[in-house]
Amino acid sequence: MPMDVAEAVLSRRSVRAFQDKPVPLDVLRRVMDTARWSPSGCNFQPWEASILTGEPLKALQSKMLTTPPQDPREYNWDDPEVIPECLARLHGVGKAMYGAMGIGRDDVDARNKFMASNFESFGAPAVLFCYFDRRMGPPQWSDVGMWLQTIMLLLRGEGLDSCPQEALSLHAKLIKDFLGVSDETHIFFCGIAIGYRAEDPVNAFEREREPIDNNVKFLGF
């Protein structure tokens, strides 16, 4: 029986180890067809994507693993780290994640190997590569974010897991060239690793959430 929306939200998490099990094309088509109804300002629907699996995915990942990251970056997604509270939270998540895997703070090789696994999407059998017209501004970027969140929840409802991957933007030009997308006209946004969750310590470490009253005010009730 399919999950309801609340169950999909509560059981979704960013998975960093996947089973070696193919994702059915009919499931992906159903998810993407439903996600077309995500909200977008003025109904622009600015999102575009390619979903790769099998040999095309392996070929692209091989290129990323053997090519230095581009400089300058496509965009900077590190800005929140300048806020002390955000930097402290980042360190806390890193400590919990590496601790779950038994990787010590001084184990540089193991940490680098895990970071490199970003470019192999943690063994996910399918990856969605998202890009859109460079003329789109921040409002449309938020539209794309809502579309991707809808996709991740729909995937969860189908019993699949996912992981958003901003780090793939370090190879934005390479990815666009591989997909036949113009770097002049399009910006690469992120990847979404898609597959079935593996029973692995990296997927089991605790992700705490802020109490609702810390972030939300209810007025006039």
Side-chain angles (χ1 to χ4, degrees), residues 11-23 50-130 145 148-149 151-152 155-156 160-175 178 188-209:
S11 63
R12 194 218 67 81
R13 68 188 308 153
S14 294
V15 165
R16 293 179 175 86
F18 292 86
Q19 296 180 41
D20 183 15
K21 179 180 175 182
V23 177
S50 296
I51 303 177
L52 275 62
T53 191
E55 290 306 316
L57 178 58
K58 290 178 183 176
L60 176 54
Q61 289 172 338
S62 178
K63 286 179 179 287
M64 286 192 284
L65 287 169
T66 54
T67 305
Q70 68 184 54
D71 185 17
R73 293 181 176 187
E74 182 82 322
Y75 61 88
N76 184 10
W77 35 268
D78 289 337
D79 282 346
E81 294 180 22
V82 303
I83 304 172
E85 295 86 350
C86 291
L87 186 59
R89 181 164 297 187
L90 176 66
H91 289 165
V93 170
K95 182 179 179 181
M97 182 173 67
Y98 287 118
M101 294 186 290
I103 298 176
R105 188 171 187 80
D106 299 327
D107 194 341
V108 177
D109 288 342
R111 286 178 173 242
N112 287 342
K113 185 177 179 181
F114 180 74
M115 288 304 297
S117 68
N118 269 281
F119 302 120
E120 295 178 302
S121 293
F122 312 112
V127 181
L128 180 151
F129 296 89
C130 174
L148 293 172
Q149 178 74 321
I151 289 169
M152 288 189 286
L155 289 168
R156 188 70 201 114
L160 286 157
D161 284 287
S162 60
C163 183
Q165 294 188 272
E166 296 93 340
L168 294 186
S169 66
L170 294 172
H171 287 294
K173 290 181 181 178
L174 186 157
I175 291 169
F178 187 91
F188 176 79
F189 193 48
C190 74
I192 300 286
I194 302 170
Y196 296 94
R197 186 182 311 191
E199 294 297 326
D200 189 283
V202 74
N203 291 332
F205 79 91
E206 199 60 38
R207 278 89 154 172
E208 295 181 357
R209 287 294 188 265

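One-based numbering along the sequence shown.
With hydrogens and angles ignored, the 3.5 Å screen pairs no side-chain donor or acceptor of S62 with any backbone N or O of A59. The main-chain N or O of F189 is found under 3.5 Å from a side-chain atom of Y75 such that the two form a donor-acceptor pair. Distance alone, capped at 3.5 Å, places no donor-acceptor pair between the E74 side chain and the A172 backbone.
The nearest pair of heavy atoms linking T53 to P56 is O-CD, 3.2 Å. Listed here is the closest heavy atom pair of V15 and C163: O-CB, 3.1 Å. Across all non-hydrogen atoms, the minimal contact from I192 to P164 is CD1-CA, 3.6 Å. Shown here for F119 and A167, the closest heavy-atom pair between the two residues is CE2-O, 3.6 Å.
For the side chain to side chain contact (heavy atoms under 4.5 Å, CB included) test with L60, the passing option among L65, I175, L168, V127 is I175; the others fail. If you run side chain to side chain contact (heavy atoms under 4.5 Å, CB included) between C86 and each of I83, L90, V82, only I83 comes through.
By the salt bridge (Lys or Arg N to Asp or Glu O under 4.0 Å) test, R12 pairs with no residue at all, sequence neighbours left out. The ring-ring contact (aromatic ring centres under 6.0 Å, His included) test applied to F129 returns no partner, not counting sequence neighbours. Residues meeting the salt bridge (Lys or Arg N to Asp or Glu O under 4.0 Å) test with K58, sequence neighbours left out: E55. Scored by the ring-ring contact (aromatic ring centres under 6.0 Å, His included) test, F178 finds no partners at all (sequence neighbours excluded).
Taking CD1 of I194 as the start and CD1 of I51 as the end, the distance is 5.0 Å to the nearest 0.5 Å.
Under the side-chain hydrogen bond (donor to acceptor under 3.5 Å, both in side chains) criterion, no residue pair touches residues 13-23, with sequence neighbours excluded. The salt bridge (charged side-chain N to carboxylate O under 4.0 Å, His left out) pairs that include a residue from residues 87-112 are R89-E210, where partners are two or more places apart or lie in different chains.
Contact annotation: the side chain of Q61 never approaches that of H171 to less than 4.5 Å [non-hydrogen atoms, C-beta and beyond]. The closest side-chain heavy-atom distance from L128 to L148 is below 4.5 Å. Proximity of F205 to R207: side-chain heavy atoms (C-beta onward) are separated by under 4.5 Å at one or more points. L160 has its side chain within reach of V23: a pair of non-hydrogen atoms, C-beta onward, lies under 4.5 Å apart. Looking only at side-chain heavy atoms (C-beta outward), L174 and Q70 stay at 4.5 Å or farther from each other.
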Inset, instruction - For D200 and N203, run side chain to side chain donor-acceptor pair (under 3.5 Å): C-alpha distance rounded to whole Å, both residues' side-chain angles, the deciding distance at 0.1 Å, then the answer. - result: CA-CA 6 Å; D200 189 283; N203 291 332; 5.5 Å; no

